[in-house]
K.L.:
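One structure, as structure tokens, below. Some questions next.
In what follows, chains are A, B, ... by sequence order, proteins preceding strands, each numbered from 1.
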Amino acid sequence: MATNMNLYSRGDKIFVIINMILIGMFAISALYPFIYITSLSLSSGFEARAGNVILTPVSFTLEAYSRVLAEPMFWISYGNTFFYTIFGTIASLLFIIPGAYALSRKRLFGRRFWNLMVAFTMWFNAGLIPFFLNMRDLGLLDSYFGIIIGFAVNGFNLILLRNFFEAIPESFEEAAKMDGANEFQILWKVFVPLSKPAIATVSLFCVVSRWNGFFWAMVLLQDEDKIPLQVYLRHVILELSDDEEFASSLLDSAYSFETVSAAIIVCSIIPILIIYPFLQRYFTQGILLGGVKE
Amino acid sequence: MAELDRTAEAEPATYTINQPTRMERIIDHLKADWQIYLLLAPTVIWMLLFLYKPMYGLQIAFKDYSVFRGIAASPWVGFEHFETLFTNDQFIRAIRNTVTISALGLFFGFPVPILLALMFNEVLSQTYKKVTQTIVYLPHFISSVIIAGIVITAFSPSAGIVNSLLNWLGLDSIYFLTRPEWFRPIFIGTGIWQEAGFSSIVYLAAISGVSPTLYESAVVDGASRWQMMWKITLPSILPTIIIMLIIRIGNILEVSFEMIILLYQPATYETADVVNTFIYRQGLQGGQYDLAAAAGLFNAVVAFILVMSANSISKRFSRTSLW
């Protein structure tokens, strides 16, 4: 890696400074939309409609938030998202940890076959329609259980964890066996504690995809009381923007359609921001761990 | 040597009477190791139920599927649905749009993370590097609904920041999201904004593997940082770049259709409708399951061939395969 060994020449100094400025500009452009949305959510409806919000809130008000927080559907969908995220992640781990352990054992009969069975699902996908019809035939439409179980296993996560388990020296397992441990005990007392970073990575992958997932929830859930936050958010942004009655109900108020949807967006980003420090640490590792290699 | 080994193996053949048969060996193995199969079972059953059973359901692509008859009892119609698809202008347009959007995304989006990684590598202050990296990775973790919400708000004709800027410059407002010619720039730009930072991680990892001695000897030769970036760092990560490029080409049929569903509207179908959004509308919204399944099967088979070719080509570039 190029370290600060070579900063003698003027050209190098100029290069380093210009590079820093460009990187800074890129970072600002990555951050700006979030600042814009936050400012919008904190501005008055009038200023937002007039397009006067650019960087900071204009005529600061919390009206949009009080409108959002007074909406029962907001709380219902927020609660549902927490439910799907927590139990969905637990379900994933209950499948993936034992499955990855078994796949990583050399004495597993037909190991190549089982691994190929996992890999094939990553190359070939039956597609939206057969998956949907299958969920319907299994009676998992409009069901909390369907959302949780139907997306529990993911080939990428399974292989990531399997690679990690494979790298644990066999002597650990042999020592545990000498002490009379069975497979379940070996997995739970030896492999799981040794694999905390990998399990954390997989859990975070699950949490993020559960928190952000919207497509299948939109397709599989009809009952409003079961929809997650992302589906509710889509409903507000896409459908209510065309709803004239809703728009005119907002016309005379201190908030507008723009500030209300901005406020929901901010509310739904906050949990991601809270776990972001962990995300950043483990995702980088996870990408490098699981990306390549059989 | 091999000859000797074989005779050595043949020698104890007299003991075969005491040796367990293949069947007995399997039973012994199962007696000793049944627990790993119990651990594997839930995952295998899950895959059969949620991934392999839908593959069985793919047969409706060749059937006149009726919800009441079910998958098995619906009558076969051969390639009728495929014939319908390939004479359907909308489907042909969807294929063309998929490939065009992917190719444009590749052309404009692929170099950005490489450039970013090279630039991050030249930042001397570790704090500055960490802070900027933290910021540019962030959009990757934000859901497509939120990103779409931000895009819709920012490009809105009345209140959006983009039109405010245009007005400030003395230009007329444009209702961007209803204009077919604006869909692709907005969609591809959003994709680059969201993923470029995070995609740079792979290249940064490759850069960190470059031997420091290369730079040291370059310094002795009086090379500038600019020269080292282009003549040492970039060539060193070229294998990674080639592999990533092959993967991207292999996945050319994969467009983030969730984002398209959120951003497109009938006015922009002309440039925005891709194969998966076509399937979504015909099948999940329109109830033409068999036709949509046929479109999906076509997509999946072509994608499978592309991915497998990409995998075998990239194996030649590096010892490690992708899977």
K.L.:
Does any part of the side chain of A/Ile96, heavy atoms only, come nearer than 4.5 Å to the side chain of B/Thr43, both counted from C-beta?
P.N.:
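A side-chain contact under 4.5 Å is absent here.
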K.L.:
Using non-hydrogen atoms and a 4.5 Å limit, figure out which bit of A/Ile97 sits close to chain B: side chain, backbone, both or neither.
P.N.:
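Neither part, no heavy atoms under 4.5 Å.
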K.L.:
Given the options A/Ser209, A/Ala102, A/Ser261, A/Gly127, which has more heavy-atom pairs under 4.5 Å with chain B than any of the others?
P.N.:
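Sorted descending by pairs with chain B, the first entry is A/Ala102.
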K.L.:
What part of A/Phe151 gets within 4.5 angstrom of chain B, counting heavy atoms only: side chain, backbone, both, or neither?
P.N.:
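For A/Phe151, the backbone is the part near chain B, not the side chain.
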K.L.:
Check whether B/Val162 gets within reach of chain A through its side chain, its backbone, both or neither, counting any heavy atom under 4.5 Å.
P.N.:
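Neither part.
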K.L.:
Are the side chains of A/Tyr32 and B/Ile161 in touch, meaning some heavy atoms are under 4.5 Å apart?
P.N.:
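With C-beta onward as the side chain, the pair touches.
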K.L.:
Spell out the residues in residues 133-146 of chain B that have some non-hydrogen atom less than 4.5 Å away from a non-hydrogen atom of chain A, in order of number; otherwise answer 'none'.
P.N.:
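Residues B/Gln133, B/Thr134, B/Ile135, B/Val136, B/Tyr137, B/Leu138, B/Pro139, B/Phe141, B/Ile142, B/Ser143, B/Ser144, B/Val145, B/Ile146 are the ones that qualify, each having a heavy atom under 4.5 Å from chain A.
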K.L.:
Applying ring pair (Phe, Tyr, Trp, His ring centres under 6.0 Å), name anything that partners B/Phe120, two or more places apart in sequence or on another chain.
P.N.:
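Partners of B/Phe120 by the ring pair (Phe, Tyr, Trp, His ring centres under 6.0 Å) criterion come out as none, since no residue qualifies.
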K.L.:
Specify the closest pair of heavy atoms between A/Asn19 and B/Met119, including all atoms of both residues, with the distance to one decimal.
P.N.:
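Closest approach of A/Asn19 to B/Met119, heavy atoms only: ND2-O, 2.9 Å.
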K.L.:
Specify which of B/Tyr65, B/Phe50, B/Tyr128, B/Trp46 makes the most heavy-atom pairs with chain A at under 4.5 Å.
P.N.:
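Ranked by heavy-atom pairs under 4.5 Å with chain A, first place is B/Trp46.
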K.L.:
Under a 4.5 Å heavy-atom cut-off, does chain B meet the side chain of A/Ile149, its backbone, both or neither?
P.N.:
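Both backbone and side chain.
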K.L.:
Kindly write out the residues that satisfy ring pair (Phe, Tyr, Trp, His ring centres under 6.0 Å) with B/Tyr280, not counting sequence neighbours, or none if the list is empty.
P.N.:
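By the ring pair (Phe, Tyr, Trp, His ring centres under 6.0 Å) rule, B/Tyr280 matches A/Phe215.
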K.L.:
Counting heavy-atom pairs under 4.5 Å to chain A, which of B/Ile36, B/Val131, B/Ile147 comes out on top?
P.N.:
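Answer, by heavy-atom pair count under 4.5 Å with chain A: B/Ile36.
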K.L.:
Does any heavy atom of chain B fall under 4.5 Å from the side chain of A/Ile272, the backbone, both, or neither of them?
P.N.:
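The answer is the side chain of A/Ile272.
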K.L.:
Enter the distance from B/Gln227:CD to A/Phe15:CZ here, rounded to the nearest 0.5 Å.
P.N.:
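Rounded to the nearest 0.5 Å, the CD-CZ separation comes out at 11.0 Å.
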K.L.:
Measure A/Leu187 against the heavy atoms of chain B and call it side chain, backbone, both or neither at under 4.5 Å.
P.N.:
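Only the side chain of A/Leu187 comes within 4.5 Å of chain B.
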K.L.:
With a cut-off of 6.0 Å (strictly less than), are more than 12 heavy atoms of other residues, nucleotides or ligands near CH2 of A/Trp188?
P.N.:
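Incorrect, the count does not exceed 12.
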K.L.:
To the nearest 0.5 Å, how far apart are CD1 in A/Ile186 and CG in B/Leu39?
P.N.:
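One gets 10.0 Å once the value is rounded to the nearest 0.5 Å.
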K.L.:
Just by modelled atom types, is the A/Glu183 backbone N or O under 3.5 Å from a matching donor or acceptor in the B/Gln35 side chain?
P.N.:
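Yes; at least one donor-acceptor contact below 3.5 Å.
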K.L.:
Do B/Phe257 and A/Leu128 pass the side-chain contact (heavy atoms from CB on, under 4.5 Å) test, and can you show the C-alpha distance, the side-chain angles, and the key distance before you say yes or no?
P.N.:
CA-CA 12 Å; B/Phe257 76 98; A/Leu128 305 180; 3.9 Å; yes
K.L.:
Which heavy atom of B/Lys53 sits nearest a heavy atom of A/Leu138, and at what distance?
P.N.:
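Closest heavy-atom pair between B/Lys53 and A/Leu138: NZ-CD2, 4.1 Å.
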K.L.:
Are A/Asp12 and B/Trp226 close enough that some pair of their side-chain heavy atoms sits under 4.5 Å apart?
P.N.:
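Sidechains of B/Trp226 and A/Asp12: no contact.
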K.L.:
Of the backbone (N, CA, C, O) and the side chain (C-beta and beyond), which part of B/Asp290 lies under 4.5 Å from a heavy atom of chain A, both, or neither?
P.N.:
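Neither part.
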K.L.:
Where on A/Ala262 is there a heavy atom nearer than 4.5 Å to chain B: the side chain, the backbone, both, or neither?
P.N.:
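Neither part; nothing is under 4.5 Å.
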K.L.:
Counting heavy-atom pairs under 4.5 Å to chain A, which of B/Ala293, B/Ala148, B/Ala61, B/Gly283 comes out on top?
P.N.:
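The option with the most such pairs is B/Ala293.
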K.L.:
How close do A/Ser29 and B/Trp193 get, counting heavy atoms only, and between which atoms?
P.N.:
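A/Ser29 and B/Trp193 have their closest heavy atoms at O-NE1, 2.9 Å.
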K.L.:
Quick one: does A/Phe124's side chain get under 4.5 Å of B/Val307's, heavy atoms only?
P.N.:
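No, too far: nothing below the 4.5 Å cut-off.
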K.L.:
Against chain B, label A/Tyr36 side chain, backbone, both or neither, depending on which of its atoms sit under 4.5 Å from a heavy atom there.
P.N.:
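Just its side chain gets close to chain B.
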K.L.:
Could you tell me which portion of A/Arg105 (side chain, backbone, both or neither) has an atom closer than 4.5 angstrom to a non-hydrogen atom of chain B?
P.N.:
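For A/Arg105, the contact with chain B is made by the side chain alone.
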K.L.:
For residues B/Leu48 and A/Met117, determine if any side-chain heavy atom of one lies less than 4.5 Å from a side-chain heavy atom of the other.
P.N.:
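Contact flag for B/Leu48/A/Met117 side chains = yes.
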K.L.:
Given that the side chain runs from C-beta out, which part of A/Val219 has a heavy atom under 4.5 Å from chain B: side chain, backbone, both or neither?
P.N.:
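Just the side chain, heavy atoms under 4.5 Å.
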K.L.:
Heavy-atom distance under 4.5 Å to chain A: side chain of B/Val301, backbone, both or neither?
P.N.:
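Both backbone and side chain.
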K.L.:
Looking at A/Lys177, I'd like to know if its NZ atom is crowded, meaning that more than 12 non-hydrogen atoms belonging to other residues, nucleotides or ligands lie closer than 6.0 Å.
P.N.:
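For A/Lys177, atom NZ is crowded (more than 12 foreign heavy atoms under 6.0 Å).
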K.L.:
Where on B/Ile71 is there a heavy atom nearer than 4.5 Å to chain A: the side chain, the backbone, both, or neither?
P.N.:
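When you check distances to chain A, only side chain atoms of B/Ile71 fall under 4.5 Å.
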K.L.:
Quick one: does B/Ser164's side chain have a donor or acceptor within less than 3.5 Å of a partner on A/Gly51's backbone?
P.N.:
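Flag set: sc B/Ser164 to bb A/Gly51 pair under 3.5 Å.
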K.L.:
Return the CG to OG1 distance between A/Leu31 and B/Thr132, rounded to the nearest 0.5 Å.
P.N.:
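Result: 11.5 Å between the selected atoms.
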K.L.:
Which one wins on heavy-atom pair count under 4.5 Å against chain B: A/Ala152, A/Gly155, A/Ala50?
P.N.:
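Highest number of heavy-atom pairs under 4.5 Å: A/Ala152.
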K.L.:
Any idea which of B/Ile279, B/Ile60, B/Leu116 has the most non-hydrogen atom pairs under 4.5 angstrom with chain A?
P.N.:
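Ranked by contacts with chain A, first place is B/Leu116.
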K.L.:
So for B/Val44, is it side chain, backbone, both, or neither that comes closer than 4.5 Å to the heavy atoms of chain A?
P.N.:
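Contact with chain A is through both the backbone and side chain of B/Val44.
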K.L.:
What closest approach, in Å, do A/Pro130 and B/Pro54 show between heavy atoms, and which atom pair accounts for it?
P.N.:
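What the structure gives for the nearest pair is CB-O, 3.3 Å.
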K.L.:
For B/Ala41, is it the side chain, the backbone, both or neither that has a heavy atom under 4.5 Å from a heavy atom of chain A?
P.N.:
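It is neither, since no heavy atom gets under 4.5 Å.
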K.L.:
If you count heavy-atom pairs under 4.5 Å between each of B/Gly296, B/Gly57, B/Gly149 and chain A, which one has the most?
P.N.:
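Most heavy-atom pairs under 4.5 Å with chain A: B/Gly149.
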K.L.:
My understanding is that only residues two or more places apart in sequence, or in another chain, count here; which of them pass ring pair (Phe, Tyr, Trp, His ring centres under 6.0 Å) with A/Phe191?
P.N.:
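With sequence neighbours excluded, A/Phe191 shows a ring pair (Phe, Tyr, Trp, His ring centres under 6.0 Å) to A/Tyr101, A/Phe165, given in chain and number order.
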K.L.:
Could you tell me which portion of A/Leu40 (side chain, backbone, both or neither) has an atom closer than 4.5 angstrom to a non-hydrogen atom of chain B?
P.N.:
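Contact with chain B: side chain only.
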K.L.:
Which answer fits A/Ile23, side chain, backbone, both or neither, if we ask what part of it has an atom under 4.5 Å from a heavy atom of chain B?
P.N.:
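For A/Ile23, heavy atoms of backbone and side chain both lie under 4.5 Å from chain B.
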K.L.:
Let's test your reading of the structure: which of A/Asn182, A/Val208, A/Ile264 forms the most heavy-atom pairs below 4.5 Å with chain B?
P.N.:
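Ranked by contacts with chain B, first place is A/Asn182.
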K.L.:
For B/Leu297, which atoms come within 4.5 Å of any heavy atom of chain A: side chain, backbone, both, or neither?
P.N.:
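Contact with chain A involves the side chain of B/Leu297 alone.
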K.L.:
Tell me, out of B/Leu51, B/Leu38, B/Val151, B/Leu40, who's got the most heavy-atom pairs with chain A below 4.5 Å.
P.N.:
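Sorted descending by pairs with chain A, the first entry is B/Leu40.
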K.L.:
Taking atom CZ of A/Phe46 as the centre, does the number of heavy atoms from other residues, nucleotides or ligands within less than 6.0 Å exceed 12?
P.N.:
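Check fails, neighbour count at 12 or below.
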K.L.:
What part of A/Asn125 gets within 4.5 angstrom of chain B, counting heavy atoms only: side chain, backbone, both, or neither?
P.N.:
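Backbone of A/Asn125 only, per the 4.5 Å heavy-atom cut-off to chain B.
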K.L.:
Are the side chain of B/Tyr289 and the backbone of A/Phe132 linked by a donor-acceptor contact shorter than 3.5 Å?
P.N.:
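No; judged by distance alone, with no hydrogens or angles, the pair does not exist.
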K.L.:
Does some side-chain heavy atom of B/Tyr56 sit less than 4.5 Å from a side-chain heavy atom of A/Asn134?
P.N.:
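Of all side-chain heavy-atom pairs linking B/Tyr56 with A/Asn134, none is under 4.5 Å.
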K.L.:
Rounded to the nearest 0.5 Å, what separation is found between the CE atom of B/Met47 and the CG atom of A/Leu158?
P.N.:
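CG of A/Leu158 is found 6.5 Å from CE of B/Met47.
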K.L.:
What part of A/Leu133 is in contact with chain B, defined as an atom under 4.5 angstrom from a non-hydrogen atom: side chain, backbone, both or neither?
P.N.:
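For A/Leu133, the side chain is the part near chain B, not the backbone.
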K.L.:
Please classify the contact of A/Val231 with chain B as side chain, backbone, both or neither, using a heavy-atom distance under 4.5 Å.
P.N.:
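Neither; nothing under 4.5 Å.
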